[in-house]
Amino acid sequence: MPCLCDGAVVELCVSGVGGGYPSDLTDEQWVLVEPLLPPARVGPRGGRREKHPRRRIVDAIFYVVRTGCPWRQLPKDFPPWPTVYWYFSWWHDDGTVEHVHDVLRGRVREADGRKAEPSAGLIDSQSVRTADTVPAATRGFDAGKKVKGRKRFLVTDTLGLLVAIHVVAASVQDRDGAKRPLLWTRLDHPQIRKIWADQGFAGRLVDWTAQMLGRELDIVRKDPGQCGFQVQPKRWAIERTFSWLTAPGRLARDYETSPARSETMIRWAMIGLMVRRLTRGRPATRQGPRPLARKVS
């Protein structure tokens, strides 16, 4: 879409229909996501066509995840916020978000030269503060980390890609809150035979995992003489995943009224990460320092 500015033609770089936000999907990324979405809902007589393009709906969801803005404060060039939230709820309820996430995870693993299904995993928890929109019944106080809010239990593969997630009140102990994601991992990913964890998961959970799930929970312990922070073998990948999840504004703290919606927000964030990885075509590079150049008049 060219425009004339001071006699020069400037090409407006936009991604998608009416886009232009950094969180918008590129054409290449949209090709990965679009076939995984469910068909439009129509009535017995055919129904009417959807009023808003699916791509703008998905871009709006990514905008909320990335910026952390409330649904009601979506920019006006997106579809109306009730429409966007309706799609967000629909795709949450019918399992679309989980399906899109799992398919893309398999593709990322294959692009890395691995099998689509992982054979080993990592588990850890992260306590985050909550906003005033979170009901008191679904939040608590983590006495160890001195955080009042919710706790995210994640199981990832050895690349740090999400396998299972469970969000609970922060007052839930690691040994208790880990049982459900471990069970889901056993049911949905039976190929995973071994899972690494830190010392907070030691004790009766190790026996429960072996007896009830038939899987090995291996506790990675610190060296007795360790001083200060050191990267732990195996477990560094899931720590990196937690750092990925603190970058989007919507995940810096928990804003969702339902823990299940918090889990869906995390999956959307991982979907965005994976489509960028699949379409980047090269290893990620960190931008170096950019010194300011003083203008000489």
Side-chain angles (χ1 to χ4, degrees), residues 1 11-40 50-69 71 74-79 81 83-92 94-114 116-118 156-157 159-163 165 237 240-241 243-252 261 263-287:
M1 179 179 174
E11 187 74 12
L12 296 181
C13 298
V14 297
S15 60
V17 183
Y21 298 102
S23 57
D24 288 355
L25 295 178
T26 64
D27 294 337
E28 192 177 3
Q29 293 167 355
W30 176 239
V31 169
L32 296 175
V33 175
E34 182 183 19
L36 304 178
L37 298 177
E50 293 182 341
K51 183 176 180 180
H52 302 282
R54 285 282 182 91
R55 183 167 178 175
R56 294 306 291 158
I57 298 292
V58 174
D59 284 343
I61 294 175
F62 278 125
Y63 183 90
V64 170
V65 173
R66 185 63 187 174
T67 65
C69 79
W71 293 103
L74 271 173
K76 297 300 182 182
D77 52 347
F78 285 122
W81 77 264
T83 302
V84 177
Y85 186 75
W86 184 87
Y87 276 94
F88 174 83
S89 301
W90 171 25
W91 292 337
H92 162 85
D94 71 354
T96 294
V97 181
E98 291 187 43
H99 171 66
V100 173
H101 173 273
D102 292 349
V103 171
L104 292 176
R105 183 190 59 231
R107 293 179 182 176
V108 172
R109 289 182 55 82
E110 291 174 342
D112 196 63
R114 307 187 182 216
E117 279 296 322
T156 71
D157 64 6
L159 294 178
L161 302 177
L162 187 64
V163 171
I165 181 173
R240 183 183 60 179
T241 303
S243 70
W244 290 340
L245 296 181
T246 55
R250 191 75 177 194
L251 302 181
R261 297 298 174 91
E263 297 167 6
T264 297
M265 278 291 180
I266 291 173
R267 287 192 176 93
W268 275 112
M270 292 300 295
I271 289 171
L273 183 147
M274 289 187 292
V275 296
R276 290 193 298 272
R277 180 176 294 187
L278 287 169
T279 56
R280 189 167 52 216
R282 56 178 174 79
T285 56
R286 185 179 296 273
Q287 185 177 8

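None of the values given here were measured: they were computed from a predicted structure.
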(request) Using a 4.5 Å cut-off on heavy atoms from C-beta on, say whether the side chain of V97 contacts that of I271. (result) yes
(request) Enter the distance from W91:CH2 to I57:CD1 here, rounded to the nearest 0.5 Å. (result) 6.5 Å
(message) With rounding to the nearest 0.5 angstrom, report the CH2 to CG distance, W30 to D24.
(response) 11.5 Å
(request) Go through the structure and list residues passing salt bridge (Lys or Arg N to Asp or Glu O under 4.0 Å) with R114, not counting sequence neighbours. (result) D112
(message) Measuring only between side-chain heavy atoms, which start at C-beta, is M265 closer than 4.5 Å to V64?
(response) yes
(message) A side-chain contact here means heavy atoms from C-beta on lying under 4.5 Å apart; do V108 and M270 qualify?
(response) no
(request) With sequence neighbours excluded, tell me which residues meet side-chain hydrogen bond (donor to acceptor under 3.5 Å, both in side chains) with W81. (result) none
(message) Whether the side chain of D59 engages the backbone of S23 through a donor-acceptor N/O pair (distance < 3.5 Å, no angle test) should be reported.
(response) no
(message) What's the separation between atom CD1 in I61 and atom OH in Y87, rounded to the nearest 0.5 Å?
(response) 10.0 Å
(message) Any non-hydrogen side-chain atom of P248 less than 4.5 Å from a side-chain atom of W268?
(response) no
(request) Identify the heavy atoms of G160 and W244 that sit nearest to each other, and give their distance. (result) O-CZ3, 3.6 Å
(request) If the plane angle is over 60° it's perpendicular, under 30° parallel, otherwise tilted; pick one for W86 and W90. (result) tilted
(message) Using the side-chain hydrogen bond (donor to acceptor under 3.5 Å, both in side chains) criterion, which residues pair with R66? Sequence neighbours excluded.
(response) none
(request) Could you tell me which residues satisfy side chain to side chain contact (heavy atoms under 4.5 Å, CB included) with H99, sequence neighbours excluded, listed by chain and number? (result) L36, V103
(message) Does any part of the side chain of L104, heavy atoms only, come nearer than 4.5 Å to the side chain of V275, both counted from C-beta?
(response) yes
(message) The criterion is side chain to side chain contact (heavy atoms under 4.5 Å, CB included); which residues satisfy it with T279, sequence neighbours excluded?
(response) E28, Q29, L32
(request) Identify, with sequence neighbours excluded, every residue that meets salt bridge (Lys or Arg N to Asp or Glu O under 4.0 Å) alongside R105. (result) D102
(message) Please report the interatomic distance CG(L245) to CD1(I165), rounded to the nearest 0.5 Å.
(response) 7.0 Å
(message) According to side chain to side chain contact (heavy atoms under 4.5 Å, CB included), who are the partners of T67, at least two apart in sequence or on a separate chain?
(response) Y63, C69
(request) Could you grab the distance from atom OG1 of T241 to atom CD1 of I266, nearest 0.5 Å is fine? (result) 11.0 Å
(request) Go through the structure and list residues passing side-chain hydrogen bond (donor to acceptor under 3.5 Å, both in side chains) with S89, not counting sequence neighbours. (result) R261
(message) Using 30° and 60° as the class boundaries, would you call the ring planes of W71 and Y85 parallel, tilted or perpendicular?
(response) perpendicular
(request) Could you tell me which residues satisfy side-chain hydrogen bond (donor to acceptor under 3.5 Å, both in side chains) with R109, sequence neighbours excluded, listed by chain and number? (result) D157
(message) I need the minimum non-hydrogen distance between H101 and L162, along with the two atoms involved.
(response) CE1-O, 3.1 Å
(message) Could you check whether any side-chain heavy atom of R55 comes within less than 4.5 Å of a side-chain heavy atom of E34, counting everything from C-beta outward?
(response) no
(message) As an exercise, state the distance from CZ of R107 to CZ of R277, rounded to the nearest 0.5 Å.
(response) 15.5 Å
